[in-house]
Amino acid sequence: MKEIKKIGVMTSGGDSPGMNAAIRSVVRTCAFYKIECAGIYRGYEGMIEGDFIDLNARSVKGIINKGGTFLKSARSKAFRTKEGRQAAYNQLKKANIDALVVIGGDGSFTGGLVFNQEFNFPVMGIPGTIDNDIAGTSHTLGYDTTLNTVVDVIDKIRDTASSHNRLFFVEVMGRDVGHIALNAGVGAGAEEILIPEEDLGLERLLESLRRSKESGKSSSIVIVAEGDKTGKNVFELKDYVEEHLPEYEVRVSVLGHMQRGGSPSCFDRVLASRMGVKAVESLLDGKSNLMVGLMNDKITVTPLERAIKGQSKINKELIRVSDIMSV
Ligand code: ATP
């Protein structure tokens, strides 16, 4: 295997808080081991165009606390084609880049894997996505920050809910997985949590809301993941509840993109720093096609293939805890 003298780092797919901290870690680990580092702008799109910037330890000062990604992120149609990937390979060769760290989600990892298989180019992945929907790590970068953002907003919504005796449906991100809904729901003391993994049934929702009214609760918050199993979106749920429980005044809040932004939490900054070090050290050890992850507070590596194909499972204990809490 060719000796690695220069590593390229990029962010790809949806942005997440902690991506900047991960770039900083990759750049500084390269500096520590006295190898070069190049930033690749706009993910695979910038790779195809050769939109690179040489980075040294000082180039990444003052970014550990910044949300988003200063290298920008993008989705690239061209990289899905053989010609696009060939153009990307030519650009990397021209810039003397020997290996890649891809910070992104499962789509970005799939692109990296295909690229490795075609050109035998070393690739390491760092999971950067707020949904926490990647197997092989208990936490993806940005997930913890998002939980804190969502809990903070729900606390504020609760002030209004309890001042007016209202019921709020709050929609959070999570088309396929309910991690954000479940964890933020327990953290914010939600009455009910509707997630894609479990169909609790509309009757149970009504029953729970009836019970809480009878027990004297002045307000209720129901967290709904985008892809929840009831088959109704938050607005349809509002209509449904108002029809069946006219005693409730219902409001809806869709949190949307504000869940993606903001300064990363301490947890995400530490995680990003650890993951960046492991990604670079793995490449220097001759490893490739692995994703860095966190398992039982240890930094681990998982084959990219397994990270892409595996399923990230919700913690069922939390469903039980939530049930008990909403007694
Ligand atoms: P998020 O979790 O935020 O959606 P992601 O990394 O899964 O992030 P995608 O849009 O799925 O985001 O993938 C990012 C990019 O990876 C795509 O725009 C494309 O350039 C590349 N990519 C994805 N799948 C493939 C593939 N099968 N072959 C080549 N490139 C791919």
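Both ligands and their constituent atoms are indexed starting at 1 by order of listing.
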Report yes if some heavy atom in the side chain of Val170 is under 4.5 Å from a heavy atom in the side chain of Val224; otherwise report no. no
Given side chains that start at C-beta, do those of Ile130 and Pro17 come closer than 4.5 Å, heavy atoms only? yes
For ligand 1, give me the residues whose heavy-atom distance to it is below 4.0 Å, by chain and number please. Ser12, Gly13, Gly14, Tyr44, Arg75, Ser76, Phe79, Arg80, Arg85, Gly105, Asp106, Gly107, Ser108, Thr110, Gly111, Thr129
Pairs flagged by side-chain hydrogen bond (donor to acceptor under 3.5 Å, both in side chains) wherever residues 254-265 is involved - sequence neighbours left out: Asp144-Ser265, Thr145-Ser265, Ser263-Arg269
To which residues is Tyr89 joined in a hydrophobic cluster, defined by side-chain heavy-atom contacts under 4.5 Å among Ile, Leu, Val, Met, Phe, Trp and Tyr, whether direct or through other members? Met10, Ile40, Tyr44, Met47, Ile48, Phe52, Phe79, Leu92, Ile97, Leu100, Val102, Phe109, Leu113, Phe115, Phe119, Phe121, Val123, Ile134, Met291, Leu304, Ile308
Under 4.5 Å side-chain heavy-atom separation, chaining through any Ile, Leu, Val, Met, Phe, Trp or Tyr, what else clusters with Val114? Say none if it is isolated. none
Taking the side chain as every heavy atom from C-beta outward, state whether Phe169 and Arg251 have any pair of such atoms under 4.5 Å apart. no
